[in-house]
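Treat the numbers as computed from the prediction; the structure is a model and nothing was measured. Residue numbers start from 1 in every chain, and the chains themselves are labelled A, B, ... in the order their sequence lines are given, proteins ahead of strands.
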Amino acid sequence: MPELPEVEITRRGIAAPLTGRCVRAVIARVPRLRYPLPDDLSAQLVGQPLRDILRRGKYLLLAFDKGHLLLHLGMSGSLRVLQAGCAPVAPQKHDHFDLVFEGATLRLRDPRRFGAVLWLPASTTANGLNLDAHPLLASLGIEPLSAEFTSAWLYAATRKRAVAIKPLLMDSHLIVGVGNIYASESLFRAGIDPRTPACRISLRRYVRLVEAIRATLETAIAAGGSSLRDFTHADGNPGYFQQQYFVYGRVGEACRICKQPIRTLRQAQRATFYCGRCQRR
DNA sequence: CCGACAACCTGTGAGC
DNA sequence: TGCTCACAGGTTGTCG
């Protein structure tokens, strides 16, 4: 499920009720997700107050004095907060991991188990601040909502890339957080055919693409922000939202701009959706 | 370095 | 109803 907007919405949704609370217990029900779960999490976390929750790409980083707990939601992961005051909620089949705080529990559900829970001790994160020292974070690309993400940067970064622009947008070593849905949506907004080789796109068109990526992500965050309260509902779904997509999942339906049917194709084994009239090479 | 592909895992919906 | 298949919002590792 989660691309950058969903992860950011999750971050905000769980930070509000959990920041400042102390960890009481760690409950791991399944020994491995994408990687084996660390076996000493209780020793590291119990008694520690949660200082902050950061996001880098699609990774969430729960900051404690002794290090960071890294969470990734993979394809199917979600987090929610169970308030201690409410009736206890029995863990379901795919509820693999609980972080029990004083007064509330953070619960990770992930049916496909492509997600991750890792412990990054402060000692290996170079004075506790430089998270980029961890191999999973070290090779991550630019944050698309940062000031550094500009058309000039993207143009320069793509001069020698013959690959089609759509799979390139999804390459987290170049840009983080843009997944299969928002890559298609951004290219539609920018009027660019998803098959266009990245090196053949002009600076002018990259100006439009960078604006489109920002608008797409920010619109999605804004749409999800209205459902933040769901993160603390006892049995609600954790704040993901129905959004009006321009092209994603709309094969055969009329383009919202020109009424031509939306088309689909496969790129890098992923479905791409686009409008053949509104988007050009 | 670049690009293409398989792999990880479970659930769901379509078609027979 | 039950089977099989294709596909699902991510990332890594391997190969040429």
Nearest heavy-atom approach of A/A212 to A/R189 is CB-CB, 3.7 Å
Pairing residues for A/R109 by the salt bridge (charged side-chain N to carboxylate O under 4.0 Å, His left out) criterion, not counting sequence neighbours = A/D95
Where at least one partner belongs to residues 25-34 of chain A, residue pairs that pass side chain to side chain donor-acceptor pair (under 3.5 Å), sequence neighbours excluded = A/R29-A/D98
Give the B/S/- string for nucleotides 3-8 of chain C, one per nucleotide from 5' to 3', where a protein heavy atom under 4.0 Å of the base yields B, of only the sugar-phosphate yields S, and otherwise -.
-> -----B
Shorter than 3.5 Å, N or O on both sides, protein versus nucleotides 1-3 of chain B: list them out with atom names.
residue: B/dG3; atom: OP1; partner: A/A162; partner atom: N; Å: 2.9
residue: B/dG3; atom: OP1; partner: A/V163; partner atom: N; Å: 3.1
residue: B/dG3; atom: OP2; partner: A/R161; partner atom: NE; Å: 2.8
residue: B/dG3; atom: OP2; partner: A/R161; partner atom: NH2; Å: 2.9

Salt bridge (charged side-chain N to carboxylate O under 4.0 Å, His left out) partners of residues 51-61 of chain A, not counting sequence neighbours, each pair once = A/E8-A/R55, A/R51-A/D65, A/R55-A/E143, A/R56-A/E143
Among all residues two or more places apart in sequence or in another chain, which pass the side-chain hydrogen bond (donor to acceptor under 3.5 Å, both in side chains) test with A/E148?
-> A/S146
Salt bridge (charged side-chain N to carboxylate O under 4.0 Å, His left out) partners of A/E218, counting only residues at least two apart = none
Under the side-chain hydrogen bond (donor to acceptor under 3.5 Å, both in side chains) test, residues paired with A/S151 that sit two or more places apart = none
Dot-bracket for DNA chain C, 5' to 3', with Watson-Crick and G-U pairs under 3.5 Å, [ ] for crossing pairs and | for other-strand pairs: what is it?
-> .|||||||.|||||||
Sorted by chain and residue number, the side-chain hydrogen bond (donor to acceptor under 3.5 Å, both in side chains) partners of A/R250 (sequence neighbours excluded) come out as A/E253
Please list, chain by chain and in numerical order, all residues satisfying salt bridge (charged side-chain N to carboxylate O under 4.0 Å, His left out) with A/R214, sequence neighbours excluded.
-> none
Pairs touching residues 254-281 of chain A that satisfy salt bridge (charged side-chain N to carboxylate O under 4.0 Å, His left out), sequence neighbours left out | none
